[in-house]
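Numbering of ligands and ligand atoms starts at 1, following listing order. As the structure is a computational prediction, the values presented were derived from the model and not from experiment. Reckoned from all heavy atoms, side chains included, excluding hydrogens, waters and symmetry mates.
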Amino acid sequence: MATTSVDTATHGARPGPSRVGVLLPLPFPGPFDYAVPPGLEGLLAPGDLVRVPLGRREETGVVWDAHTSVPPDFAPPQPPPVATARLRPVVARVDVPPLPTGLRRFVDWVAAYTLSPPGMVLAMALRACSTEVPRVVQGWVATDTPPADLRMTPARRRVLDALARSAPQGGADLQRAADVGASVLRGLEQSGALRMVPMDAAPPFPTPDPDHHPPRLSGDQDDAAAALRACVAERQFSVTLLEGVTGSGKTEIYLEAVAACLAQGQQALVLLPEIALSAQWTARFERRFGVAPAVWHSDLTPRLRRQTWRAVRDGQVRVLVGARSALFLPFETLGVIIVDEEHETAFKQEDGVTYHARDMAIVRARLAQAPAILVSATPSLETLTNVETGRYGRIALGARHGGATMPDVEAIDMRADPPERGLFLSPRLVEAMRATFAREEQAMLFLNRRGYAPLTLCRTCGHRMECPNCSAWLVEHRARRILTCHHCGYVEPIPDACPSCQTSGSLTPIGPGVERITEEARATFPDARLLVMTSDTLTSPTATAAAVAQIADRTVDLVIGTQIVAKGWHFPHLTLAGIVDADLGLGGGDLRAAERSVQLLHQVAGRTGRAQAQGRVLLQSYVPEHPVMQALVSGDFAAFMAREAEQRRPGHWPPFGRLAAIIVSADSAEAADAVADALGRCAPAFDGVDVLGPAPAPLALLRGRHRRRLLLRARRTIAVQPIVRRWLSMVKTGGSTRVDVDIDPVSFL
Ligand code: ADP
Ligand code: ZN
Ligand code: ZN
């Protein structure tokens with residue numbers, strides 16, 4: 001712990017305020033006041049990290065200033081101030097760079113908007129900001145003058161080769177890279193060929209060069225890039241949608257906005273919906289700018305997180321690509337924020353502080369006076385509506401780059417062309433796959449369902465295998481011989497006999513998951529080289545990168561996967577995509593089910609035909625006349641979205657109105673009902689606001705907790721936060737009962 005100790009009194013310091021507000025990363029309604037002890041008078045400024053007493057503990061918090069960016073009725077009511085004489089003193093100032101103003105205002109804004117305790121939002125911003133002095137780690141480098149008489153062995157050669165590619169390296173990393181034991185390293189050290197250096201000395205975040213390898217852009221690409229560069233040059237807040245079919249060069253173009261930002265000496269932030277994507281993205285960035293970008297996601301080692309946090313704070317990181325939590329990094333000179341695949345629901349964080357990273361990226365850009373660029377082939381209705389009303393600009397790219405054409409999309413009517421009994425691939429799809437393999441091209445089967453079968457049923461008594469903790473079926477994972485719950489992780493072995501009627505051999509898998517489709521494909525195409533891409537088979541970004549490389553290298557003929565295959569991958573030899581169950585996303589009564597299906601399936605389709613060969617997409621559907629299938633077949637998304645808009649507008653559904661979901665959960669159904677009913681009785685009801693529910697949530701039982709939902713719907717012009725805050729304050733909760741608020745809900749489970 002490095003701190004400026006209180007008793008190292010600085011004489012002659014300016015007299016500071018005798019009290020400071022300190023926000024703690026804990027669920028309190030706001031900052032607490034502390035006394036500034038004599039030794040720290042005049043030394044504490046907003047953003048400084050401090051150690052303060054809290055009860056019998058000591059906590060690290062941040063000196064907080066009054067928020068001015070948040071409308072007053074958005075902010076939670078604050079308790080009356082405590083008399084200065086009764087305040088406890090700050091213990092010490094922590095020797096960490098202060099949190100920049102922009103980030104502090106962002107924390108206030110997110111807290112007020114999401115109705116979260118500001119401390120919980122601060123906790124996200126502090127997650128990687130260690131208050132420990134960075135421990136100096138030693139790493140190996142080759143000596144500048146290796147001994148002439150060094151006895152060379154293959155193992156020693158591998159060590160020196162590995163160090164030539166990247167230096168310095170930690171002992172464990174180096175041993176792995178060179179496949180040697182520790183004794184080889186020690187031997188090399190003794191002979192004077194290796195030595196230890198402090199690893200932090202190496203600059204880990206080199207500056208990208210905007211002029212390293214600029215692309216040659218086509219006419220409308222060039223116009224689009226120029227327009228984005230102009231946004232960056234304005235150094236003002238604006239939001240622009242960059243729209244264009246998959247493969248039209250959107251990434252290529254927004255990297256030009258990044259280049260402009262770099263040339264201006266500012267920092268750029270690129271948000272991706274999924275960290276899995278970052279490997280291919282990083283390689284592409286490196287080709288354009290000569291060095292890798294900084295990366296931010298939950299899989300970083302704590303050490304790298306700390307280094308990245310500090311390097312963002314001191315401006316060393318110039319471009320960072322990351323998952324949604326990257327929004328909470330301490331950028332001080334943001335010049336542009338880019339949200340790639342802006343329509344993706346993965347941008348919505350569902351647990352803890354629930355926030356939508358796309359929407360909060362726009363807030364962050366506004367606070368930083370920087371442009372935001374939203375990128376998509378299938379923009380969300382929210383964004384399209386903002387374009388229509390003139391709040392966002394729009395830049396559209398016409399066609400795929402380099403003459404590649406959009407795939408042909410056809411629906412297979414499963415009623416007319418059914419698969420054989422017990423199988424799931426229709427003869428037409430199988431035929432198309434056969435032809436694809438014969439041309440030595442690649443095919444993909446997409447099914448957004450993990451495991452072998454989504455339901456296990458007893459043929460004798462009809463019993464369904466359900467999760468004991470959730471209102472959900474157990475999913476069979478045949479490879480692991482288990483039934484598991486995808487909501488809570490509950491696992492049990494597949495029983496021999498039905499637990500209800502005891503008949504043995506009567507349990508039957510119903511419906512397909514990717515494992516079952518893989519089994520069918522393997523039986524149908526025994527010679528095809530298969531690759532399965534799901535979160536079960538790709539457990540790390542490295543594994544994902546390896547799988548993607550296999551596809552690019554054509555050591556795979558058939559890719560079978562869940563939504564992970566739909567991401568922005570560039571697979572040049574893939575020419576056929578079979579959507580095993582195009583109807584899967586349509587059920588459930590979700591407000592955005594149709595929109596989301598179109599976006600997801602179009603994204604899958606977009607993986608095909610990205611080079612010269614024509615791509616083809618086959619949608620297996622029992623409702624080929626459905627507007628979703630029609631939109632995919634015709635490729636007319638504008639018409640589809642216009643129809644969506646007309647369905648949502650009259651009822652003031654988003655984006656034409658606002659929603660706030662209230663989720664009540666408790667250990668018992670009675671306790672959940674009591675609070676949900678009480679909330680229902682005092683629900684706000686006035687012109688422009690109504691409340692639906694309470695009703696059992698679709699997942700009425702989740703991880704053993706009983707759940708009820710209420711949904712507040714308001715006209716667009718009405719801010720829901722003050723209404724919800726007042727409403728929730730009228731009902732007492734206690735015991736096991738929790739009330740969670742989800743502003744702008746995306747999931748209705
Ligand atoms: P999108 O992001 O719209 O899907 P990409 O930016 O990934 O499109 O471009 C698709 C493919 O076309 C990529 O391989 C990209 O490198 C290539 N490409 C696009 N524009 C150009 C260009 N002007 N010059 C060279 N290659 C390009
Ligand atoms: Zn039974
Ligand atoms: Zn469960």
Side-chain angles (χ1 to χ4, degrees), residues 213-225 228 241-258 270 272 277 280-281 283-288 338 340-342 373-379 395-406 456-475 483-492 495-508 552 566-574 602-603 605-612 615 699-705 707 749:
H213 189 80
R216 223 172 292 139
L217 297 176
S218 69
D220 68 339
Q221 286 184 336
D222 212 21
D223 296 344
L228 291 184
L241 167 65
L242 175 60
E243 186 180 4
V245 294
T246 50
S248 56
K250 298 186 294 298
T251 313
E252 212 73 42
I253 287 158
Y254 75 64
L255 287 180
E256 294 317 292
V258 171
V270 181
L272 300 181
L277 268 178
Q280 226 183 14
W281 196 95
R284 193 151 165 195
F285 183 94
E286 220 170 317
R287 281 198 298 280
R288 171 65 183 83
I338 292 159
D340 200 354
E341 313 287 7
E342 68 89 27
I373 300 172
L374 309 181
V375 183
S376 177
T378 51
I395 296 172
L397 291 168
R400 281 191 157 182
H401 173 76
T405 50
M406 288 307 287
T456 302
L457 181 81
C458 172
R459 267 182 287 130
T460 309
C461 74
H463 176 76
R464 294 159 178 225
M465 298 298 288
E466 280 183 36
C467 176
N469 313 317
C470 306
S471 340
W473 295 337
L474 291 174
V475 179
L483 296 174
T484 182
C485 172
H486 285 178
H487 297 286
C488 71
Y490 169 87
V491 169
E492 66 176 59
D496 290 330
C498 168
S500 175
C501 70
Q502 269 58 0
T503 314
S504 85
S506 177
L507 291 173
T508 315
K567 305 304 164 190
W569 313 113
H570 186 60
F571 297 141
H573 313 293
L574 186 90
H602 179 65
Q603 194 119 6
R607 295 317 104 211
T608 69
R610 288 176 68 98
Q612 297 315 314
L699 272 169
L701 187 66
L702 179 63
R703 295 185 199 95
R705 291 180 64 79
R707 301 165 74 246
L749 296 175

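Across V375, I373, L242, a single residue satisfies side-chain contact (heavy atoms from CB on, under 4.5 Å) together with D340, and that is V375.
Minimum interatomic distance between E256 and P215 (heavy atoms only, all atoms of both residues): OE2-CD, 3.3 Å. Residue G249 comes nearest to Q221 through the heavy atom pair CA-NE2, 3.8 Å, listed as atom of the first residue, atom of the second, then distance.
For atom 25 (C) of ligand 1, the closest heavy atom belonging to the protein is H401 NE2, 3.5 Å. The nearest heavy-atom contact from the protein to atom 8 (O) of ligand 1 is G249 N, 2.9 Å.
In this comparison of R284, Q221, H570, R287, the heavy atom closest to atom 5 (P) of ligand 1 sits on R284. Residue nearest to atom 3 (O) of ligand 1, selected from Q603, K250, E252, R216: K250 (by heavy-atom distance).
Taking every non-hydrogen atom of T251 and a distance limit under 4.0 Å, the qualifying atoms of ligand 1 come out as 2 (O), 6 (O), 7 (O). Residue T246 approaches ligand 1 through these ligand atoms, each under 4.0 Å from one of its heavy atoms: 4 (O). Near L217, meaning under 4.0 Å from one of its heavy atoms, ligand 1 places the atoms 23 (N). Those atoms of ligand 1 that come under 4.0 Å of a heavy atom in V245, given as number and element, are 3 (O).
With the Zn ion (ligand 2) as the vertex, atom SG of C498 and atom SG of C501 span an angle of 110° (nearest 10 degrees). Taking the Zn ion (ligand 3) as the apex, the angle formed with SG of C485 and SG of C470 is 110°, to the nearest 10 degrees.
Under 4.0 angstrom from ligand 1, there are no non-hydrogen atoms of P215.
The Zn ion (ligand 3) lies under 2.8 Å from an N, O or S atom belonging to C488. When distances to the Zn ion (ligand 2) are checked against a cut-off of 2.8 Å, H463 contributes no N, O or S atom below that limit. Look at C467 and the Zn ion (ligand 3): an N/O/S atom of the residue is under 2.8 Å from the metal.
Heavy atoms of D340 stay at 4.0 angstrom or farther from ligand 1. Residue contacts with ligand 1 include G247, since one of its heavy atoms falls under 4.0 Å from the ligand. At a 4.0 Å cut-off, not a single heavy atom of G244 sits close enough to ligand 1 to count as contact.
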Exercise for the section: Could you check V270 against Y254 for side chain to side chain contact (heavy atoms under 4.5 Å, CB included), going step by step and ending with a plain yes or no? Expected result: CA-CA 10 Å; V270 181; Y254 75 64; 4.1 Å; yes
Handout entry: Audit row: H602, M406, side chain to side chain contact (heavy atoms under 4.5 Å, CB included) steps and yes/no
Key = CA-CA 11 Å; H602 179 65; M406 288 307 287; 3.8 Å; yes
Exercise for the section: For the pair Y490 and T484, evaluate side chain to side chain contact (heavy atoms under 4.5 Å, CB included) and give the outcome as yes or no after the intermediate values. Expected result: CA-CA 5 Å; Y490 169 87; T484 182; 5.8 Å; no
Exercise for the section: Evaluate salt bridge (Lys or Arg N to Asp or Glu O under 4.0 Å) for R288 paired with E252, printing each intermediate quantity in order. Expected result: CA-CA 9 Å; R288 171 65 183 83; E252 212 73 42; over 6 Å; no
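Panel note: side chain R464, backbone W473; no donor-acceptor pair is recorded below 3.5 Å. For the pair K250 (side chain) and V245 (backbone), a donor-acceptor distance under 3.5 Å is present.
Annotation: the span from I338 atom CD1 to I253 atom CD1 amounts to 11.5 Å, rounded to 0.5 Å.
H463 has its side chain out of reach of S506: every pair of non-hydrogen atoms, C-beta onward, lies at least 4.5 Å apart.
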